[in-house]
Protein chains: 2
Amino acid sequence: MIKKKLFFRDCSDYAPYGADLMRKDIHNSNIPVRCRSCEVRHQGMCGALTADELLALSAHTHLANHSAGEELAGERMPVESYATVIRGVVKLTKTLEDGRQQIVGLQFAPDFLGRLNAEENAVSVEAASDVNICRVPKATLERLVKSSPALAERLMDQTMRELDEARDWMVTLGRKTAAEKVASFLMLIATHLEPEADGERRAFDLPLSRAEIADFLGLTIETVSRQLSKLKADSVIAITASRHIEVPKLSKLQMRCGA
Amino acid sequence: MIKKKLFFRDCSDYAPYGADLMRKDIHNSNIPVRCRSCEVRHQGMCGALTADELLALSAHTHLANHSAGEELAGERMPVESYATVIRGVVKLTKTLEDGRQQIVGLQFAPDFLGRLNAEENAVSVEAASDVNICRVPKATLERLVKSSPALAERLMDQTMRELDEARDWMVTLGRKTAAEKVASFLMLIATHLEPEADGERRAFDLPLSRAEIADFLGLTIETVSRQLSKLKADSVIAITASRHIEVPKLSKLQMRCGA
DNA sequence: GCTTTTTCTTGATCAAGATCAAAGTCCACC
DNA sequence: GGTGGACTTTGATCTTGATCAAGAAAAAGC
């Protein structure tokens, strides 16, 4: 039974957030925060912290799919520290003893990774693409949550959103056909990777391989491939490279989703 | 497409909690609270409230499966009030436009029903068996959550537990065989209906019909029935009445669950 | 008690998707 | 530029679970 393993390497810049960040900027969580070291703008959780707290805890890490180095150990990582996804896609998986695997969630920026008060996380956390995360030590976050109702509320909101997404996906897993599952997956990626896009046209790179898509949809790679070919033959999508998908008319794809 | 509807009737006793409940009893959430009107002992959420708050908000309702009366309207109910399950099983369902249905969660006592801060609930809430619930008006609960960190924490814990359960079930839906799904369902019911039971033997009434089990497992009634017959033929379970299941050896059932 | 309706079980057949197999494509690396 | 390896596509066949159908059992109504 081959279980794929992914790895992470720390990037060289562990520099904290620049001191030029004004406390008022950070307190207002509607203002995006720019990290001086990686130049990625991000908002969300960090916006709920104070500048001092941010300075104390921020350490950026680049997770790279398939790169050599220390293992990003499934269950262990989120127990030792929490993190916010800044860029890229993280997959949450569960595996049966005999190796059958199911992806139970995908996290996009600016989602929060890790679970409060849990001794052991029930899911494996792996980078699906190259990923930047903003790490927060376990003890630090748990202290912050107690003193900051806004942060606690943000975590509650994300947890409820994840629950909604999990339940939506249960319908897909339990009651949709293979064709509908694949269309629903493309729809999910299209809306998450380009949430602000307008109009009917979309173009994006799939963050997952065929095998990962199969694990997400409860199908085999062959079935995923066949259904993608079928959508292509029907001109619902164009596949210019195996990972690059173009959707000329989103509503046409939507009609294939079965709901 | 036939969509089954369930109904509720209010029971006659809307009496609030007895004034003989001592404030100290209620503050200590480890002490079960006995409702004078329905004589059902229950703990959990109510234990986190003060006596005054309890008096102000408690109204018991008996939900009855299939009884005539006002409709327990899927999405509407949990929006107008929140509730704790005191007795019975409540199912959360989602339905595709063409009528395909998936049960996305089961709530047992003392689970909490309803969702904070949500304008509209994404799931339909229906009684699976006769159910007693303790209702809390929407505004009341939202006010209490703001002032009581303990209550907020309890809601967060339940939400995370529901998320774990949803993800566990995603593995079952996506990666298990029909036989494993049915065994897993029986395991779920056995552990939830008799959580404190000891030893290997279990006996219980199924709270769901074959059709509901099928909707929970992403299968058809026929397949559910066949797999139950097979478990019976293999002496893993005994079916004394169609709803009554006896499990002589839980570990033997566990081995059929595929994980 | 008897009928009617609903739920459950069992059998026969069918089809969606899995499995098995092979060839094609895309990269990374030398 | 060529080679090796992983990923993807496509085809042939098989299995699992769906569908169709009928009868049995249980529950509801009268």
Side-chain angles (χ1 to χ4, degrees), chain A residues 1-6 64-68 98-102 128-129 172-183 185 205-215 217-233 237-245 258, chain B residues 1-7 64-68 98-101 128-130 172-183 185 205-233 237-245 258:
Chain A
M1 187 52 53
I2 302 148
K3 182 160 184 296
K4 193 168 55 176
K5 283 288 176 189
L6 296 175
N65 193 341
H66 275 205
S67 60
D98 61 4
R100 282 176 289 177
Q101 197 172 58
Q102 177 70 46
S129 61
T172 301
L173 286 173
R175 288 299 180 203
K176 289 191 185 175
T177 65
E180 290 167 341
K181 286 181 179 181
V182 171
F185 170 74
D205 284 317
L206 293 175
L208 304 186
S209 69
R210 300 293 187 269
E212 289 170 322
I213 297 171
D215 280 344
L217 297 172
L219 298 172
T220 58
I221 354 178
E222 294 94 329
T223 301
V224 171
S225 182
R226 269 184 254 270
Q227 295 302 334
L228 284 172
S229 299
K230 187 148 191 307
L231 286 173
K232 181 182 172 184
I237 61 172
I239 309 180
T240 53
S242 75
R243 289 285 189 109
H244 191 76
I245 303 286
Chain B
M1 189 51 54
I2 302 145
K3 182 161 183 298
K4 193 169 57 177
K5 283 287 176 191
L6 296 174
F7 301 91
N65 193 342
H66 277 205
S67 59
D98 62 2
R100 282 175 288 176
Q101 198 171 56
S129 61
D130 280 6
T172 301
L173 285 172
R175 288 299 182 202
K176 289 191 186 177
T177 64
E180 290 167 340
K181 285 181 179 180
V182 171
F185 169 75
D205 284 317
L206 291 176
L208 303 186
S209 70
R210 299 292 187 269
E212 290 169 322
I213 297 171
D215 280 345
F216 193 36
L217 297 173
L219 298 171
T220 58
I221 350 178
E222 294 96 327
T223 301
V224 171
S225 182
R226 268 183 254 272
Q227 294 302 334
L228 284 172
S229 298
K230 186 149 192 307
L231 286 172
K232 182 183 172 184
I237 60 172
I239 308 178
T240 54
S242 76
R243 289 285 190 109
H244 191 77
I245 303 287

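Computed from a predicted model, the values in this text were never measured in an experiment. Below, chain A is the first sequence line, B the second, and so on; all start at residue 1.
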Q: Would you mind reading off the distance between Leu231(A) atom CG and dT8(D) atom C1', rounded to a whole angstrom?
A: 16 Å

Q: Identify, between Val224(A) and Ala241(A), the residue whose nearest nucleotide on DNA chain C lies closer to the 5' end.
A: Val224(A)

Q: Look at the side-chain N and O atoms of Ser209(A) and state whether any lies under 4.0 Å from the OP1 or OP2 oxygen of dC7(D).
A: no

Q | Atom pair distance, as rounded to whole Å: CG in Asp205(B) and C1' in dC8(C) | A | 16 Å

Q: Whole angstrom is fine here: how far is it from CZ in Arg210(A) over to P in dT9(D)?
A: 4 Å

Q) Can you find a donor-acceptor N/O pair under 3.5 angstrom joining the side chain of Arg226(A) to the base of dT19(C)? A) yes

Q: Output yes when at least one side-chain N/O atom of Thr220(A) is less than 4.0 Å from OP1 or OP2 of dA18(C), else no.
A: yes

**Q.** Touch class at under 4.0 angstrom, heavy-atom based, for Leu219(A) against every strand present
**A.** sugar-phosphate

Q. Are the side chain of Lys176(B) and the backbone N or O of Lys181(B) linked by a donor-acceptor pair below 3.5 Å?
A. no

Q: Indicate, with a heavy-atom threshold strictly under 4.0 Å, whether Ser229(B) touches base, sugar-phosphate, or nothing.
A: sugar-phosphate

Q: Might you point out which heavy atoms bring Val182(B) and Val224(B) nearest each other, and give the distance in Å?
A: CG2-CA, 4.3 Å

**Q.** Pair Asp215(A) + Arg100(A): basic N to acidic O under 4.0 Å
**A.** no

Q: Name the nucleic acid region contacted by Leu228(B), choosing base, sugar-phosphate or nothing; use a 4.0 angstrom heavy-atom cut-off, strictly under.
A: nothing

Q) Nearest-Å distance, NZ (Lys176(A)) to P (dA16(C))? A) 18 Å

Q: Between dG17(C), dC8(C), dT8(D), spot the one nearest the side chain of Ser242(B), thanks.
A: dC8(C)

Q: Please report, rounded to the nearest Å, how far the C1' atom of dA24(D) is from the CD1 atom of Ile239(B).
A: 15 Å

Q.
Without decimals, in angstroms, what is the distance between Glu222(B) CD and dG17(D) P?
A. 14 Å

Polar pairs (N or O, both sides) under 3.5 Å between protein and nucleotides 13-15 of chain C?
none

**Q.** Integer-rounded Å distance: dA16(C) P and Lys230(A) NZ
**A.** 11 Å

Q. Is any side-chain heavy atom of Phe185(A) closer than 4.5 Å to a side-chain heavy atom of Leu206(A)?
A. yes

Q: Look only at the side chain of Arg243(A) and the backbone of Asp205(A), and say whether a donor-acceptor pair between them is shorter than 3.5 Å.
A: no

Q: Quick one: closest heavy-atom pair of Ile221(B) and Arg210(B), and the distance?
A: CG2-CB, 3.3 Å

(Q) Per the salt bridge (charged side-chain N to carboxylate O under 4.0 Å, His left out) rule, what does the pair list look like for residues 224-233 of chain B, sequence neighbours excluded? (A) Lys230(B)-Asp234(B)

Q. Over how many whole Å does the gap from Lys181(A) atom NZ to dG17(C) atom P extend?
A. 8 Å

Q: Give a yes or no answer on whether the side chain of Thr223(A) reaches the backbone of Leu219(A) with a donor-acceptor pair at less than 3.5 Å.
A: no

Q: Answer with yes or no whether Glu212(A) presents, from its side chain, a donor or acceptor under 3.5 Å of a partner atom in the base of dC7(D).
A: no

Q: Name the residue closer to the 5' end of DNA chain D, choosing between Arg175(A) and Ser225(A) according to the nucleotide with the nearest heavy atom.
A: Ser225(A)

